[in-house]
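Quick notes on the structure that follows.
Note that the structure is predicted; figures quoted are calculated from it, not measured.
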Amino acid sequence: MNSITIQIPDEDLEKLQATATRLGVSIEELVLMGVEQLLKQSEASFQDAMDYVLKKNTELYKRLA
């Protein structure tokens with residue numbers, strides 16, 4: 001596993017700490033959960049777009065086959 005270092009404003013760090021405390025996790029775990037969610041959304045958006053294009057062009061693909 002790799003690690004990264006980022007700089008964030010103090011007020012954002014305080015918000016992260018408050019949210020992590022409320023959820024009962026560390027800041028690192030909270031940030032990792034956010035990154036994982038972002039990556040899942042990107043994958044889902046791509047899949048939705050691909051499904052739309054395939055469905056929209058189904059008849060064209062049948063005629064070209």
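- In this structure, the side chain of Glu29 engages the main chain of Ser26 through a donor-acceptor pair within 3.5 Å.
- Residues satisfying the side-chain hydrogen bond (donor to acceptor under 3.5 Å, both in side chains) criterion with Thr21, sequence neighbours excluded, are Gln17.
- Every residue meeting the side-chain contact (heavy atoms from CB on, under 4.5 Å) condition with Ile6, not counting sequence neighbours, appears here in chain and number order: Ile4, Ile8.
- For residues 3-16, no residue pair satisfies the side-chain hydrogen bond (donor to acceptor under 3.5 Å, both in side chains) rule, not counting sequence neighbours.
- The side-chain hydrogen bond (donor to acceptor under 3.5 Å, both in side chains) test applied to Gln37 returns no partner, not counting sequence neighbours.
- Judged as a side-chain contact (heavy atoms from CB on, under 4.5 Å), and not counting sequence neighbours, the contacts of Glu36 are Leu32.
- Heavy-atom minimum distance, Ile27 versus Ala20: N-CB, 3.9 Å.
- Each of Phe46 and Leu38 belongs to its own hydrophobic cluster when Ile, Leu, Val, Met, Phe, Trp and Tyr are linked at side-chain heavy-atom distances under 4.5 angstrom.
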